[in-house]
Peer 1: 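Structure in structure tokens, see below.
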Amino acid sequence: MVSPRYNRIYGVVRRIPRGRVATYGQVAELAGFPGQARQVGYALRALSDDANVPWHRVINARGELSPRAESTSVHVQRALLRAEGIRFDAEQRVSFVKYRWKPR
DNA sequence: TTTATGGCTGTCA
DNA sequence: ATGACAGCCATAA
């Protein structure tokens, strides 16, 4: 059994459409925990592999992928995003103007 | 209970 | 543009 906030966070992440990205802060806010972006990171970190959550669509406020314990994960994440049609610039950053998820 | 550590973020030098 | 700092607070030990 997981804590309610985690479920809340997972729910928000699941709403991110394909080909779009959201920041940790944004997810935190939508989940009802403004300013707690870090907790979002923890929630995603604790996420099991078989869980149906597109964790790769969540990136940091700079438009970059957040490095995790596993150094390979960044590489994987980037591959997943590109597979969804998201482009990276020379700095390996995502354009929020184009891909930022705008929930209504 | 106290400490240390984080897949973050905004501000300032 | 890059680096340092300070808040947010849940987990693990």
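Keep in mind that this is a model prediction, so the values were computed, not measured. Chain letters run A, B, ... following the sequence lines, proteins first, then strands; residues in each count from 1.
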Peer 1: Are the side chain of A/Arg14 and the backbone of A/Asn52 linked by a donor-acceptor contact shorter than 3.5 Å?
Peer 2: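 Side chain of A/Arg14 to backbone of A/Asn52: a pair is present.
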Peer 1: Tell me the interatomic distance from A/Ile16, atom CD1, to B/dG7, atom P, rounded to whole angstroms.
Peer 2: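 Checked: the CD1 to P distance equals 18 Å.
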Peer 1: Please answer whether the main-chain N or O of A/Glu64 pairs with a side-chain N or O of A/Arg93 as donor and acceptor at a distance below 3.5 Å.
Peer 2: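 Not a single qualifying donor-acceptor pair exists.
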Peer 1: How many Å lie between CD on A/Glu64 and P on C/dG3, as a whole number?
Peer 2: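 Taking CD of A/Glu64 and P of C/dG3, I get 12 Å after rounding.
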Peer 1: Considering every strand shown, what is the Watson-Crick or G-U wobble mate of B/dT5 when both distances are under 3.5 Å?
Peer 2: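 Base-paired to C/dA10.
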Peer 1: Just call it for A/Val40: base, sugar-phosphate, or nothing, with non-hydrogen atoms closer than 4.0 Å on any strand.
Peer 2: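 Nothing, no nucleic acid heavy atom in range.
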Peer 1: Using whole Å, what does the distance between atom P of nucleotide B/dG10 and atom CD of A/Gln26 come to?
Peer 2: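 Distance check: A/Gln26 CD to B/dG10 P gives 11 Å.
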Peer 1: Nearest whole angstrom, please: distance from the C1' of B/dG7 to the CZ of A/Arg62.
Peer 2: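 To the nearest whole Å, that distance equals 13 Å.
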Peer 1: Tell me whether the count of non-hydrogen atoms from other residues, nucleotides or ligands lying under 6.0 Å of CD in A/Glu29 goes above 12.
Peer 2: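 Not more than 12 within 6.0 Å, no.
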Peer 1: Which nucleotide sits closest to the side chain of A/Trp55: B/dG7, B/dT9, C/dT11?
Peer 2: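 So the nucleotide nearest the side chain must be B/dG7.
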Peer 1: If you check the A/Tyr24 side chain, which of C/dA1, C/dT11, B/dG7 turns out closest?
Peer 2: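 Between C/dA1, C/dT11, B/dG7, the one nearest the side chain of A/Tyr24 would be B/dG7.
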Peer 1: Measure from the side chain of A/Gln36, starting at C-beta and using heavy atoms only, and say which of B/dT9, B/dG7, C/dC9 lies closest.
Peer 2: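 Minimum distance to the A/Gln36 side chain belongs to C/dC9.
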Peer 1: Send over the distance from A/Asn60 CG to C/dT2 P, rounded to a whole Å.
Peer 2: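 Spelled out: CG on A/Asn60 to P on C/dT2 is 14 Å.
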Peer 1: Under the 3.5 Å rule, do the base of C/dG7 and the side chain of A/Arg38 count as making a donor-acceptor pair?
Peer 2: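 Looking at the base of C/dG7, it does pair with a donor or acceptor on the side chain of A/Arg38 (distance under 3.5 Å).
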Peer 1: Identify whether any heavy atom of A/Gly25 sits under 4.0 Å from a base atom; if not, whether one sits that close to sugar-phosphate; answer base, sugar-phosphate or nothing.
Peer 2: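 Here A/Gly25 touches the backbone only, sparing every base.
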Peer 1: Do we see a donor-acceptor contact under 3.5 Å between the side chains of A/Gln92 and A/Arg78?
Peer 2: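 A pair is found: one side chain offers a donor N or O, the other an acceptor, under 3.5 Å apart.
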Peer 1: Can you tell me if A/Tyr6 touches the phosphate of C/dA10, counting only side-chain N or O atoms and a distance under 4.0 Å to OP1 or OP2?
Peer 2: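 No, because none of the side-chain N or O atoms of A/Tyr6 sits under 4.0 Å from OP1 or OP2 of C/dA10.
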Peer 1: Between atom CD1 in A/Ile59 and atom P in B/dT9, what is the gap in whole Å?
Peer 2: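 Atom-to-atom, A/Ile59 to B/dT9, this comes out as 9 Å.
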Peer 1: For A/Ile9 and B/dG7, what is the distance between atoms CD1 and C1' respectively, to the nearest whole Å?
Peer 2: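 Nearest whole value for this atom pair: 12 Å.
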Peer 1: Roughly how many Å is it from CD in A/Glu29 to P in B/dG10, rounded to a whole number?
Peer 2: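 One finds 10 Å between P of B/dG10 and CD of A/Glu29, rounded.
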Peer 1: Taking only side-chain N and O atoms of A/Thr23, does any of them lie within less than 4.0 angstrom of OP1 or OP2 on B/dC8?
Peer 2: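 For B/dC8, neither OP1 nor OP2 has a side-chain N or O of A/Thr23 closer than 4.0 Å.
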Peer 1: Has the side chain of A/Gln39 got a donor or acceptor that lies under 3.5 Å from a partner of the other kind on the base of C/dC9?
Peer 2: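 Checked by distance alone, the answer is yes.
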Peer 1: Just by distance, do the side chain of A/Arg57 and the backbone of A/Arg20 share a donor-acceptor pair under 3.5 Å?
Peer 2: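 Flag not set: sc A/Arg57 to bb A/Arg20 has no pair under 3.5 Å.
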